[in-house]
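What follows is a short report on a single structure.
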Amino acid sequence: SVSNPLTFNLAAAMESAAHLHRLRDAAIDVWREWLVVVHKPRRLAIVKERDEHRKRISRANANIAAGPDFSLALRNNGSIANWGVEYLTPLHGTQGDFI
């Protein structure tokens, strides 16, 4: 019996497609492994460092007053920062330079 060349080519094409799917799946597995082993710990370390930095910065400034329209904070260098509705002027009766 003579085999049909079209059938042979179809079988080869199907085998080739299956091989490509296996290669794709293997590449996805390698990428997922990299995400878990390499990227995730790096990302967690970056997030942890950023959070610790934010905590250090927030602890560096002490909130000394707040109201519905303003806030005052003591800075590391001893100066007072104020903001709110009247942020351009210091509170009435307060002496000194304000930022």
Side-chain angles (χ1 to χ4, degrees):
S1 99
V2 178
S3 68
N4 185 347
L6 183 58
T7 305
F8 175 74
N9 289 337
L10 181 59
M14 289 176 64
E15 186 176 326
S16 177
H19 177 69
L20 290 176
H21 281 85
R22 286 191 299 274
L23 286 176
R24 181 203 61 202
D25 291 345
I28 290 171
D29 289 343
V30 168
W31 177 72
R32 283 183 182 152
E33 184 70 18
W34 178 84
L35 282 176
V36 171
V37 173
V38 178
H39 179 70
K40 185 177 179 182
R42 284 181 186 172
R43 179 70 182 137
L44 291 175
I46 290 169
V47 169
K48 183 178 179 182
E49 177 59 31
R50 183 189 65 214
D51 290 345
E52 289 173 0
H53 177 71
R54 287 179 179 170
K55 285 178 188 177
R56 285 191 303 271
I57 294 300
S58 67
R59 290 180 184 145
N61 296 313
N63 190 13
I64 57 174
D69 297 330
F70 73 95
S71 292
L72 299 175
L74 182 64
R75 293 186 174 184
N76 265 346
N77 64 6
S79 65
I80 296 175
N82 62 331
W83 60 92
V85 174
E86 302 280 336
Y87 73 93
L88 293 176
T89 60
L91 296 177
H92 180 67
T94 305
Q95 300 294 318
D97 295 329
F98 289 84
I99 297 174

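Counting from 1, the numbers follow the sequence of the chain as shown.
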Exercise for the section: Just do the side chain to side chain contact (heavy atoms under 4.5 Å, CB included) check on Arg24 and Leu20 with the steps written out, would you? Expected result: CA-CA 6 Å; Arg24 181 203 61 202; Leu20 290 176; over 6 Å; no
Practice task
Could you walk me through whether Lys40 and Arg43 pass the side chain to side chain contact (heavy atoms under 4.5 Å, CB included) test, one step at a time?
Solution key: CA-CA 5 Å; Lys40 185 177 179 182; Arg43 179 70 182 137; 5.7 Å; no
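Atoms CD1 and NE2, on Ile46 and His39 in that order, are 8.0 Å from each other to the nearest 0.5 Å. Between the CZ atom in Arg56 and the CG atom in Asp51 there is a gap of 10.5 Å [rounded to 0.5 Å].
Residues passing the salt bridge (charged side-chain N to carboxylate O under 4.0 Å, His left out) test with Glu33, sequence neighbours excluded: none. Scored by the side-chain contact (heavy atoms from CB on, under 4.5 Å) test, Val30 finds no partners at all (sequence neighbours excluded).
With side-chain heavy atoms closer than 4.5 Å counting as contact, directly or through intermediates, the hydrophobic cluster containing Trp34 also holds Trp31, Leu35, Val37, Val38.
Put simply, the side chain of His21 gets close to the backbone of Ala17: a donor and an acceptor are under 3.5 Å apart.
Within a 6.0 Å sphere centred on CD of Glu15, other residues, nucleotides and ligands contribute 12 heavy atoms or fewer.
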